[in-house]
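To keep things clear, I will list the structure first and then write my remarks on it.
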Amino acid sequence: MRITDLMIKDVMIMDLKATTKAEAIDELIASLNKSGRINDPDLFKEAIYKREEQSSTGIGGGIAMPHAKTKAVNEPTVVFAKSKAGIDYDSLDGAPAHVFFMIAAPEGAGNTHLRTLAALSKLLIDADFIEQLMNTKTPDEVTALFDDKQQSEEEEQAKKEAEKKAASEAAPAETKEKADTKSKTEAETKADSSEDFVVAVTACPTGIAHTFMAEDALLKKAKEMGVSIRVETNGAEGAKNVLTEDEIRRAKGVIIAAGKKVDLDRFHGKPVLQRPVADGIRKPEELITKALKGDAPILQADAGSSTSSADEEKTSIGSTLYKNLMNGISHMLPFVVGGGILLAISFLIEQAAGSESPLFQLLQTIGGGDGAFHFLIPVLAGFIAMSIGDRSALMPGMVGGLMAVNANAGFLGGLAAGFLAGYVILGLRRVFKYLPSAIDGLKSIMLYPVFGLLITGALMYYILSPIFSWINVGLVDILNNLGTGNMVLLGVILGGMMSVDMGGPFNKAAYTFSIGVFTSSGNENGLMMAAVMAGGMVPPLAIALATTFFKNKFTEQERKSGVTNYVLGLSFITEGAIPFAAADPLRVLTSCIIGSGIAGGLTQLWGINLPAPHGGIFVAALANHALLFLLAVAIGAVVSGLILGLWKKPIEVKA
């Protein structure tokens, strides 16, 4: 398949009108939608922004490649676009983007399509080719340029294959087995005799573009430097060109240019340089040089996914702590949602059939303290620890979390247990690295489990559990004895935090705090839960109202997206407002924070107790004042919607 089979002329934009990143994405999506290549522009846009949150697809060199793989795509398509003036796209090199390739891949994209997209990605490493693209004036010139480039690539590949075949036929006649053995031996001898041999793995979250661009950049730069290299790609089709044990053994160093987790245990004992996939594209010479010098931490097999301090030299302590915390929360949330919804249903059944109902008791057992909710803190602690110390830290982290539960140390105790266990394992690795290499195999199966559990458990038992138990009990007592004015202020703060970053650290901090109060109070104190849920429901509902009643302030695509936010808001899915916040952060975030704070404060003013951790309108009936809860949400949403609608400027209609 040709690249131009996916690069449809009708969707090309030879002169982008956009002046910002958000406008460029909207214009590209609009072209896709107009041609019928996508079936749900809102869902596709959400997927595009989700990918942008992981790292900018403005790869530098004047190129931007926004891409997504989603069911919103009907047919695999690449939208080519140019901007003569250039657009600030948050590119990795800080330079404006002039050439755009928006890649739309369906969830079931075939291997042929994925290989074609990979071929496209590799072409974009060629600076001369990009300059030629900038000089094109019509879609026909673009397709002709790509066809010529791909044709020359295919001819070059065919030439190499022919030379290889001719050399093979000219060799003395031998049995296949002997020939293969000889070939393998010669290759190994050559590689062993070369001091300049490294291996690499490239991977990005979607596995469509950056994976293969990094591969090609590393291969080309290694050839220029006279360095032998083997690159494994972890793309949408899975791992390709998988590195062999022998190649890993012979390599002087390992380069991991990845934006997602890859299997690293196989590189035990090797210097492993872990960097973002973007560095593989923009800094291949630096990575190869460091790998050749062995300028990277030596990887321990049980620490496969850990990132060394050297690799995180540009990462702040705050972002590292947040990453570890989010790993725990993301694994805990299924227990919160699943157990919480079942508990909510059980409360409805209790109201209808009484507490003696077998169904009520069943759902309470499954979802409550003997079921899903019993695992909240151990799972939180275990996966925080695992994020820090990898698999060896999971078990001591979970046990430490369970000890926090049994000591009534609550969520704070669980957080402490998770971070403690993770750093205990990191400390043990430093201590045990001086042991004889002959017992390396015992570290992960005996030494880390025994000493990690002993140290974590002892510190939790004698120090942390008593401390956090006292803090937790005191916190619950303070909350239970707060006056109305203080409760309203707390509700305003928690509700507003839900809109500060809509799923980020502030949002998760407020939600985690309310869950901690909820579970520490025996699932009876849902006051904080009411404030947080009301605050989280406001942003998408405010967006929906603003796009409905202030139509001239939003594009047609935004108005369509606004409709879906009614459902998202009622379901307590705050993230539905993210695309709007990304496009206009000042107006959207400010208006939503105000409305969410009002909604959260009203729940406390009216003493609303909501004994369910998730569900939005679907669990509102469980509140002691259900109608007042809905009124608080409605007031907050209307206030935010009015502020946004009145503040936002009308869309200019171009002649």
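It should be emphasised that the depicted structure is a prediction, and the values quoted were computed from it without experimental measurement.
- The backbone N or O of G491 sits nowhere less than 3.5 Å from a side-chain atom of Q604 that would complete a donor-acceptor pair.
- Counting only residues at least two apart or in different chains, salt bridge (charged side-chain N to carboxylate O under 4.0 Å, His left out) contacts with residues 624-651 comprise D584-K648.
- Contact detail for L586 and T590: the closest heavy-atom pair is O-OG1, 2.6 Å.
- Taking CZ of F554 as the reference point, atom OG1 of T547 lies at 6.0 Å (rounded to 0.5 Å).
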Stepwise, does the side chain to side chain contact (heavy atoms under 4.5 Å, CB included) test hold for L380 with F335?
CA-CA 10 Å; L380 173 72; F335 293 84; over 6 Å; no

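- A heavy-atom distance below 4.5 Å is found between the side chains of Y89 and E52.
- For Q364 (side chain) and F360 (main-chain N/O), no donor-acceptor pair under 3.5 Å exists by modelled atom type.
- A heavy-atom distance below 4.5 Å is not found between the side chains of L644 and F550.
- With hydrogens and angles disregarded, no donor-acceptor distance shorter than 3.5 Å links the side chain of S387 to the backbone of I384.
- Between the CG atom of L6 and the CZ atom of R37 there is a distance of 8.0 Å, given to the nearest 0.5 Å.
- For the atom pair CD1 of I48 and CG of L32, the computed distance is 8.5 Å after rounding to the nearest 0.5 Å.
- T57 places no side-chain N or O within 3.5 Å of a backbone atom of A64 that could act as its donor or acceptor partner.
- Taking the side chain as every heavy atom from C-beta outward, K45 and D26 approach each other to under 4.5 Å.
- With rounding to the nearest 0.5 angstrom, the CG atom of L133 is 10.5 Å from the CD atom of E141.
- Minimum interatomic distance between G536 and F572 (heavy atoms only, all atoms of both residues): CA-CE1, 3.6 Å.
- With F44 as reference, V73 is the one residue of V73, N39, N33 to meet the side chain to side chain contact (heavy atoms under 4.5 Å, CB included) rule.
- No donor-acceptor pair under 3.5 Å is formed between the side chain of R51 and the backbone N or O of P66.
- Counting all heavy atoms, side chain and backbone alike, S31 lies closest to V11 at OG-O, 2.8 Å.
- Rounding to the nearest 0.5 angstrom, the gap separating the CG atom in L28 from the CG atom in L16 is 5.5 Å.
- Heavy atoms from other residues, nucleotides or ligands lying under 6.0 Å from CG of L627 number 12 at most.
- When all heavy atoms of A97 and S91 are compared, the closest pair comes out as CB-OG, 4.3 Å.
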Given I87 and F100, is the side chain to side chain contact (heavy atoms under 4.5 Å, CB included) satisfied, shown in steps?
CA-CA 10 Å; I87 295 172; F100 298 81; 3.8 Å; yes

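- A donor-acceptor contact shorter than 3.5 Å is absent between the side chain of S499 and the backbone of G496.
- Here the closest heavy-atom approach between residue L541 and residue G569 is recorded as CG-CA, 3.8 Å.
- Within the 3.5 Å criterion, the main-chain N or O of S83 finds a donor-acceptor partner in the side chain of H98.
- Shortest non-hydrogen contact noted between G562 and A544 is O-CB, 3.2 Å.
- Side-chain contact between T136 and K82 is present, with heavy atoms from C-beta onward closer than 4.5 Å.
- In this structure, the side chains of T138 and M14 stay at 4.5 Å or more apart for every pair of heavy atoms.
- Under a 3.5 Å cut-off, the side chain of D88 and the backbone N or O of D90 do form a donor-acceptor pair.
- Using a 4.0 Å cut-off between a side-chain N of Lys or Arg and a carboxylate O of Asp or Glu, D15 and K84 do not qualify as a salt bridge.
- You'll find the side chain of L490 reaches within 4.5 Å of the side chain of M528, heavy atoms only.
- Taken from OG1 in T603 to CG in L605, the straight-line distance is 9.0 Å, to the nearest 0.5 Å.
- Counting heavy atoms from C-beta on, the side chains of I608 and N624 come closer than 4.5 Å.
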Pair F80, F101 - check ring-ring contact (aromatic ring centres under 6.0 Å, His included), show working.
CA-CA 5 Å; F80 170 78; F101 296 89; 5.4 Å; yes

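- Residues W647 and R587 form a side-chain contact, since some pair of their non-hydrogen atoms from C-beta on lies under 4.5 Å apart.
- For L630, the side-chain contact (heavy atoms from CB on, under 4.5 Å) criterion is met by I617, A620, not counting sequence neighbours.
- In terms of modelled atom types and a separation under 3.5 Å, the side chain of K9 and the main chain of P139 share no donor-acceptor contact.
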